[in-house]
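Structure first, commentary second.
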Amino acid sequence: IRDPSGRHNELDGLRGWAALSVILLHQFKYQFGKFIPLIDNPLASFFMDGRVAVCIFFVLSGDALSSSYFTSRNNTAVAKLAIKRYFRLFIPVLTTCLICLLLIKTSIIPTNNIRQDTIIDEIAPRFLATPASTGSYIKYSAIDVFISGNGESQIIPYLWTMKYEILGSYIVFIFLMGYNFFRCAWAVALPFALFGLIGKESSIFSCFIFCAFFSWLRHTEYFQRENR
């Protein structure tokens with residue numbers, strides 16, 4: 001289903017449900033699950049499966065990043081998108097970090113005397129025990145957040161996905177740049193993506209490639225032909 005601007009409403013809807021799932025996970029299971037065990041049940045876990053939701057975001061990123069290319073087949077547009085991609089991730093991260101820094105400096109977020117029984121082990125904010133500085137937060141926003149996948153070592157643990165988001169994005173960009181020169185690119189990319197499903201981290205990057213492939217099928221009207 002496409003609106004006049006060319007957006008696919010069903011993909012926006014899927015993105016919205018994934019975002020809601022992540023919000024429910026952090027606001028209910030992580031915050032209250034330790035004190036209200038009833039929250040951690042199979043039915044609730046289905047709607048609050050954050051890892052599945054994150055994988056959905058990665059898959060949708062692969063589609064969104066490749067969709068414009070398969071419409072125009074313009075390598076220049078891919079190069080521009082690759083440059084803008086970094087800043088589209090960096091600016092929100094920097095804004096979030098500076099807000100956190102402000103809250104810490106004004107003592108709205110306490111950095112000491114934190115009750116250990118109120119901290120959820122999986123997302124324990126150990127960064128609160130580290131002295132905050134403007135320089136370290138800017139460096140984290142510009143570089144560290146994109147190279148560290150360990151949530152415990154990050155200033156904002158919830159941003160562990162940024163490493164995979166930016167690396168997966170540039171994997172797609174590199175593939176798209178070479179697509180015009182190697183028409184059988186899928187014959188190489190898909191086996192690598194399938195092989196990547198074996199590993200924990202590599203399977204995340206496979207999400208980007210698989211959805212770029214489905215984007216290609218969509219733009220070649222493969223699905224429309226199958227429905228006739």
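Start at 1 with the first residue, then count along the sequence. Fair warning: this is a prediction, and the values are worked out from it, not measured in the lab.
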Minimum heavy-atom distance between [X] and [Y], given as atom pair plus value:
X	Y	result
S66	L176	CA-CD1, 3.7 Å
L89	M162	CD2-SD, 4.2 Å
D63	S215	OD1-CB, 3.4 Å
M48	L25	O-CD1, 3.2 Å
L81	L65	CD2-O, 3.6 Å

- Query: With I99, which of T95, L102, T96, L101 fulfils side chain to side chain contact (heavy atoms under 4.5 Å, CB included)?
  - Reply: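 The passing option is T95.
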
- Task: Verify whether one side chain among S136 and S133 offers a donor that lies under 3.5 Å from an acceptor in the other.
- Result: yes

Are any side-chain N or O atoms of [X] and backbone N or O atoms of [Y], one a donor and one an acceptor, separated by less than 3.5 Å?
X	Y	value
T106	L103	yes
Y137	C100	no
Y170	A82	yes

- Query: What is the distance from atom OG of S206 to atom CZ of F213, rounded to the nearest 0.5 Å?
  - Reply: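 That separation rounds to 14.0 Å.
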
- Hey, what do you get for OH (Y164) to OG (S169), rounding to the nearest 0.5 Å?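 Going from the OH atom of Y164 to the OG atom of S169 covers 14.0 Å.
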
Do [X] and [Y] share a hydrophobic cluster, counting only Ile, Leu, Val, Met, Phe, Trp and Tyr and linking them when any side-chain heavy atoms are less than 4.5 Å apart?
X	Y	result
L14	V22	no
W17	I23	no
I91	L98	yes
F58	Y69	yes
I166	I174	no

- Does the side chain of F57 reach to within under 4.5 Å of the side chain of T161, using non-hydrogen atoms?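 No. Closest side-chain heavy atoms not under 4.5 Å.
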
- Message: Can you confirm whether V172 sits close enough to F175 that some side-chain heavy atom of one is under 4.5 Å from a side-chain heavy atom of the other?
- Response: no

- Query: Can you list the steps and then say if L94 with Y140 is a side chain to side chain contact (heavy atoms under 4.5 Å, CB included)?
  - Reply: CA-CA 8 Å; L94 177 63; Y140 169 78; over 6 Å; no

- Message: Between F208 and I171, does the side chain to side chain contact (heavy atoms under 4.5 Å, CB included) criterion hold? Intermediate values first, please.
- Response: CA-CA 8 Å; F208 289 86; I171 287 174; 5.8 Å; no

- Message: Can you list everything that forms a salt bridge (Lys or Arg N to Asp or Glu O under 4.0 Å) with K139? Sequence neighbours excluded, please.
- Response: D144

- Hey, would you say the F146 and F90 ring centroids sit under 6.0 Å apart?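 Not close enough - the centres of the two rings lie 6.0 Å or further apart.
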
- Does the pair E165/R88 count as a salt bridge with the N-to-O cut at 4.0 Å?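 A salt bridge is absent here (no side-chain N lies under 4.0 Å from a carboxylate O).
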
- With sequence neighbours excluded, tell me which residues meet side chain to side chain donor-acceptor pair (under 3.5 Å) with S21.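 Partners of S21 by the side chain to side chain donor-acceptor pair (under 3.5 Å) criterion come out as none, since no residue qualifies.
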
